[in-house]
Amino acid sequence: MAPFQAHLAGGQDERTLADGAIVTLLDMAGTLSIFAKLGRFRPHATVELRIDSLAVAPAGSGILARAECYHIASRIAFVRGVARTEENLEIARLAATYMFATQ
Amino acid sequence: MNMLNSPYARSLRVVVSAISEGRVSLRVPFGHHLLGRPGFLHGGAIAGVLTLACDHAVTVSVFPSNPGCHRFTYTVQFLHGAREQDLYAAATIIHSGANSATINAVAWQDRKDMPIAIATCKYLRSSTGARESGE
């Protein structure tokens with residue numbers, strides 16, 4: 001969860017939350033979902049992410065990101081996620097893949 | 001409207017380095033506020049810069065009279081880690097139609113032939129000039 005901060009305003013105008021803040025939070029949630037699935041820390045990097053923007057997030061609202069790691073292959077983790085406002089308005093969906101660092 | 005004057009863009013300290021026909025170039029001086037894992041820029045910051053570059057290209061070149069256009073989907077591919085150096089991003093208009101536009105952006109650091117990340121952003125021109133709320 002990320003509380004709203006004034007420097008995060010500025011998506012389409014200054015009354016909205018910047019998409020960069022939303023993708024940052026979703027990417028972070030995606031990373032943590034991999035640790036949650038594994039039950040341990042394992043270094044990895046984002047390979048690709050797709051964000052579908054469902055609604056604009058008003059500036060002033062905190063954002064909750066929820067991500068699920070639904071599959072882990074030998075070197076790749078597959079993640080999906082959703083970001084919502086505190087009023088439970090769905091604002092973005094994430095589909096992402098992460099690659100584990102070679103040991 | 002200039003997205004690069006937004007609080008978010010200012011917090012990243014994004015500056016425009018060049019604007020030409022169908023192309024926008026940005027520079028982000030290195031700062032510790034951009035870091036993710038130690039020694040590397042955060043993917044979210046890189047994605048934020050790439051989308052800002054695309055948004056700016058759309059705003060100045062594609063739909064200058066319609067600030068209501070919005071980016072409805074985008075993908076970012078991360079090609080290799082971004083080190084503690086300045087980051088550059090350039091957005092190029094790939095397609096611009098009556099109702100939609102597709103913009104590609106690439107981010108690099110010291111070597112332009114070794115991109116850090118690439119993004120494709122898809123925009124829809126809004127007939128009302130305002131983005132629909134989530135219904």
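All chains are named by letter (A, B, ...) in the order of the sequence lines, taking the proteins before the strands, and each is independently numbered beginning at 1.
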Subject >> Contacts of residues 27-45 of chain B with chain A (heavy atom under 4.5 Å) >> reply: B:R37, B:H42, B:G43, B:G44, B:A45
Original post:
Taking every heavy-atom pair that is under 4.5 Å apart, which of B:V76, B:I118, B:T75 has the most such pairs with chain A?
Top reply: B:V76
When clusters are formed by joining ILVMFWY residues with side-chain heavy atoms under 4.5 Å apart, either directly or through shared neighbours, do [X] and [Y] land in the same one?
X: A:I72; Y: A:I76; result: no
X: A:L32; Y: A:F41; result: yes
X: A:L26; Y: A:L89; result: yes
X: A:L94; Y: A:I34; result: yes
X: B:I94; Y: B:V24; result: no

Subject >> Heavy-atom pair of closest approach, residues A:T46 and B:F78 >> reply: O-CB, 3.1 Å
Subject >> Smallest separation among heavy atoms of A:D19 and B:Y74, with atom names >> reply: O-OH, 4.0 Å
Original post:
Which residue out of A:R50, A:R93, A:M99 racks up the most heavy-atom pairs below 4.5 Å with chain B?
Top reply: A:R50
Original post:
CD1 of A:I51 to OG1 of B:T51: how many Å apart, nearest 0.5 Å?
Top reply: 9.5 Å
**OP:** Measure distances from A:D52 to the heavy atoms of chain B and classify the residue's part below 4.5 Å as side chain, backbone, both or neither.
**Re:** both
